[in-house]
Amino acid sequence: MRCVEVQGVGLAAVAERAVPERRPGWVLIDVLACGLCGTDRHILRGEYPSRMPLVLGHEFGGRVREADPGSRWHAGDLVSVDPNISCGACSHCTAGRVALCPERYALGVDIDGGLSEVVAVPESQLYAASGINPLHLAFVEPLACCLRGMDLSSLRGGESVAVIGGGVMGQLVVQLAALAGASRITLITRQESRRELAETLGATDTCSPDEADRDLSRTYDVVFECAGVLETVAQSLRLARRGGSVILLGIPPEGATLPISPFDLVVDELRVQGSVLNPLTQERAVAIVREGSLDLDALISRRLTLDEVGDVLASQPGAGDIKYVVEPAARPLAP
Ligand SMILES: [Zn+2]
Ligand SMILES: [Zn+2]
């Protein structure tokens, strides 16, 4: 089988490997769609802890190729994969905070992932995805991360929402906020094409970061920071109204710090809440994708073969591009 292997820092190449041996309790999956994300670029550049050689890819799904006899999974089942594997037994796991599990590891980060014609996955990580457009399997994991942010925001409907950042997370949060009944949804980004896209997906208005600072300070009930840049994290605190919430979904550089005004946090009762990964939200993400009210096709900027991935990861994403989806085994391999 063929896969995209990171062989060292800066070195991603298509490799030919034997189909993995299937261990008991694990399934083999023919991968139909795998999204590329910033984390893949960070791993390739050696900026994110991982193991090498490594098959990249943590946003994927496909068809079951082989499972244990007697398993609830059968060859041909369409499945979404939660790439984050937690221990299930520690105090965080038993409290439902599985993303915080100290034993957590991930497919495509710590063990081989989905940029491969075939991937081995523990059964516990699978969610039935029948009826879903296979290409949309690449969106389930990022959507599940956004759902975590939505849960933490406690939107009830009728609130004003600002979304900072027009990448895939920002565009998904715009759509989820619309589904949640937000009365105003402002997408803030420098990129005009991303602003135009957001207006077709449910944003009531859009603007640049400079315009937001000039006109929109202390305006929003909830601000979602989806860029992971210090400047926009600082801006998110300026945009929340008194009593408002800031949900931090973007991942800022580790170790970077920011001056904040504790006085403002106290007297304005601002709530600042981090949101990481997809703890127990994957199944709901599958359900939302299946139900069909999100426009995911509009977020697919390019469909790629495995052969194109190395060059794409080595270069900067195209201006305005949202999501690249790789189709490793668009035609499943013969058994
Ligand atoms: Zn990702
Ligand atoms: Zn745990």
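Numbering of residues begins at 1 and proceeds along the displayed sequence. Both ligands and their constituent atoms are indexed starting at 1 by order of listing.
Under 4.0 Å is where a charged nitrogen must lie from a carboxylate oxygen, and between R65 and D30 at least one such pair does. With respect to the salt-bridge test (charged N to carboxylate O, under 4.0 angstrom), the residues R284 and D151 qualify. With respect to R17 and E5, a salt bridge is recorded, a charged nitrogen being found less than 4.0 Å from a carboxylate O. Between R241 and D268 there is no salt bridge, since no side-chain nitrogen of the basic residue lies less than 4.0 Å from a carboxylate oxygen of the acidic one. Taking 4.0 Å as the cut-off between side-chain N and carboxylate O, R2 and D307 count as a salt-bridged pair.
Between the side chains of E291 and S293, at least one donor-acceptor pair of N or O atoms lies under 3.5 Å.
Inside a sphere of radius 2.8 Å centred on the Zn ion (ligand 1), the protein N/O/S atoms present are C37 SG, H58 NE2, E59 OE2.
Seen from the Zn ion (ligand 2), atom SG of C93 and atom SG of C87 lie 120° apart in angle, a value rounded to 10°.
The stretch residues 293-305 participates, sequence neighbours left out, in these salt bridge (charged side-chain N to carboxylate O under 4.0 Å, His left out) pairs: R302-E308, R303-E327.
In summary, C90 places an N/O/S atom under 2.8 Å from the Zn ion (ligand 2), meeting the contact criterion.
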